[in-house]
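Have a look at the structure below before the remarks.
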Amino acid sequence: MNYLDLTTEERTAALLKLGEKPFREKQISRWILSGAESFAEMTDLSAQLRSTLSEHFSFERARVELCQTSSDGTKKYLLAFPDGQKAEAVFMKYSYGNSLCISTQVGCNMGCAFCASGIGGKIRDLKAWEMLDEFIVCRKASGEDINHIVLMGMGEPFDNYSQVSAFLRQIHDPKGISLSFRNITLSTCGLVSYIGRFAEDFPQVNLAVSLHAATQEEREKIMPVAKGYPLSELIPACRRHAEATGRRITFEYALIQGKNDSQQNCSELAALLRGINCHVNLIPLNPVSESGFSTVGREAAHRFAQSLENMGIPCTVRRQLGADIDAACGQLRKKHTCPKAEENV
Ligand code: SAH
């Protein structure tokens, strides 16, 4: 039995059974938070207890298998979990602090046409403690503080709602990492049925919605999820989210040459979002060789942004971090995490 796989209650119960006091659980938790890799490292436990623990439990956590550093300082960590499955987390530096982009699943079932993460389908959900471990292990490996997280790595967070919400509570826990909910952003491709629940459960966590097209017809062509959750349901749900939480919602819009980057697309987008407390994040598409889609230049992206602003919709063009190490949005995948994807290249 892997100690990391146990809940707090199960850990406490197991320690009591070994004749230990309940506070031992907190002591061990502190070691886990600091990134300890074995019971042997936990030097404020007696040698006897450390050896008893090793006899009863394994201590297996996420390991950094590879770290690539981009010329802009972005670091992509390939993490291996105890069962050998792998996912990536990306460390980024911004003027407001350091941010970690976290994966919520190994692979993804959403099948967006422009994204590399979904090419091999979903392999499995990540557990809450594994997502927390992405944070702890990358913080330790980077040697830097991390004060923001975005759930924008591999996977669809709402397709793994129970583990993702357990993870959010754990990373927010004042006795642990104590990350402010306001410094967390969850990004969804638009699983409408979870948006209302998320507003109730986590009103302070920022919501980002991957839109990428302003009409139902165009959106369906690039995002299969749009067939089950049409724009006619998604947009009202987003409006309700912004109203219920009082927070500004972000819409992500990857600019794809000849698909969604025209002046007409821009006007349709403005009309769709008018009156919603929102902000549009324009992303010049990051090239994914399999998709056959081309990106637009940064200049064209800025022209689109100007035009959208002129129509009253606040927006920014996202900085492109880590493109030289395939760490940019939609490029987390293949070689290591998804061998099937590599076959398709
Ligand atoms: N499943 C969630 C979160 C992961 S994707 C979601 O869909 O929001 C994180 C963001 O990267 C999403 O906005 C996604 O649409 C975007 N993305 C995916 N592939 C991309 C690409 N090739 N170029 C730019 N953005 C991309």
Side-chain angles (χ1 to χ4, degrees), residues 76 87-90 92 99-119 121-122 125-126 131 134 149-161 164 167 184-192 194-195 198 205-214 218-219 221-226 228-229 234 238 241 249-257 259-261 278-298 301 304 315-323 326-334 337-338 341 345:
K76 182 170 74 163
E88 286 161 330
V90 183
M92 294 162 289
S99 179
L100 188 71
C101 176
I102 287 183
S103 290
T104 56
Q105 297 177 318
V106 180
C108 180
N109 265 346
M110 300 298 122
C112 299
F114 46 83
C115 179
S117 293
I119 290 170
K122 180 176 90 172
D125 289 329
L126 286 173
M131 291 179 252
E134 291 183 48
I149 60 166
V150 292
L151 273 56
M152 289 188 192
M154 191 183 276
E156 166 52 44
F158 283 170
D159 186 38
N160 183 17
Y161 193 85
V164 165
F167 160 67
I184 304 177
T185 300
L186 178 149
S187 178
T188 178
C189 64
L191 299 185
V192 176
Y194 288 96
I195 294 179
F198 185 65
V205 174
N206 305 294
L207 181 65
V209 173
S210 300
L211 197 57
H212 305 317
E218 291 306 315
R219 195 160 186 268
K221 285 188 200 155
I222 53 174
M223 300 180 73
V225 67
Y229 295 106
L234 178 61
C238 291
H241 184 279
I249 192 164
T250 298
F251 289 103
E252 292 152 292
Y253 192 96
L255 287 159
I256 312 174
Q257 198 178 47
K259 296 273 176 208
N260 63 3
D261 62 337
C278 73
H279 174 263
V280 175
N281 208 199
L282 295 166
I283 317 165
L285 183 85
N286 298 309
V288 169
S289 48
E290 299 84 339
S291 74
F293 294 148
S294 314
T295 186
V296 302
R298 286 196 78 78
F304 192 97
C315 63
T316 42
V317 178
R318 184 182 287 176
R319 272 171 69 202
Q320 215 158 2
L321 295 175
D326 273 3
C329 301
Q331 297 185 315
L332 297 177
R333 57 139 191 183
K334 60 184 187 184
T337 49
C338 184
V345 175

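Counting begins at 1 with the first residue of the sequence. Atoms within a ligand are numbered from 1 in the order they appear, just like the ligands themselves.
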Can you list the ligand 1 atoms lying under 4.0 Å from a non-hydrogen atom of Asn286?
21 (C), 22 (N), 23 (N), 24 (C)
Checking contacts here: is it the side chain or the backbone of Val209 that comes within 4.0 Å of ligand 1, counting heavy atoms only? Could be both or neither.
neither
Does a side chain donor of either Glu134 or Ser103 reach within less than 3.5 Å of an acceptor in the other side chain?
no
Side chain, backbone, both or neither: which applies to Val288 and ligand 1 if a contact is any heavy-atom pair less than 4.0 Å apart?
side chain
For ligand 1, indicate whether the residue Glu156 contacts it via side chain, backbone, both or neither (heavy-atom separation under 4.0 Å).
both
So Phe198 and His241, would you call those rings parallel, tilted or perpendicular, with 30° and 60° as cut-offs?
parallel
Backbone or side chain, does any N or O of Gly155 fall under 3.5 Å from an N or O of ligand 1?
yes
Is the distance between the ring centroids of Phe293 and Phe114 less than 6.0 Å?
no
May I ask you to check whether Glu252 and Ser210 show a side-chain donor-acceptor distance below 3.5 Å?
yes
So, taking the atom named CZ in Phe167 and the one named CD1 in Ile184, what distance separates them when rounded to the nearest 0.5 Å?
6.5 Å
Using heavy atoms and a 4.0 Å limit, tell me yes or no: is Gly153 in contact with ligand 1?
yes
Nearest-option assignment for atom 14 (C) of ligand 1, heavy atoms, candidates Met223, Glu252, His212:
His212
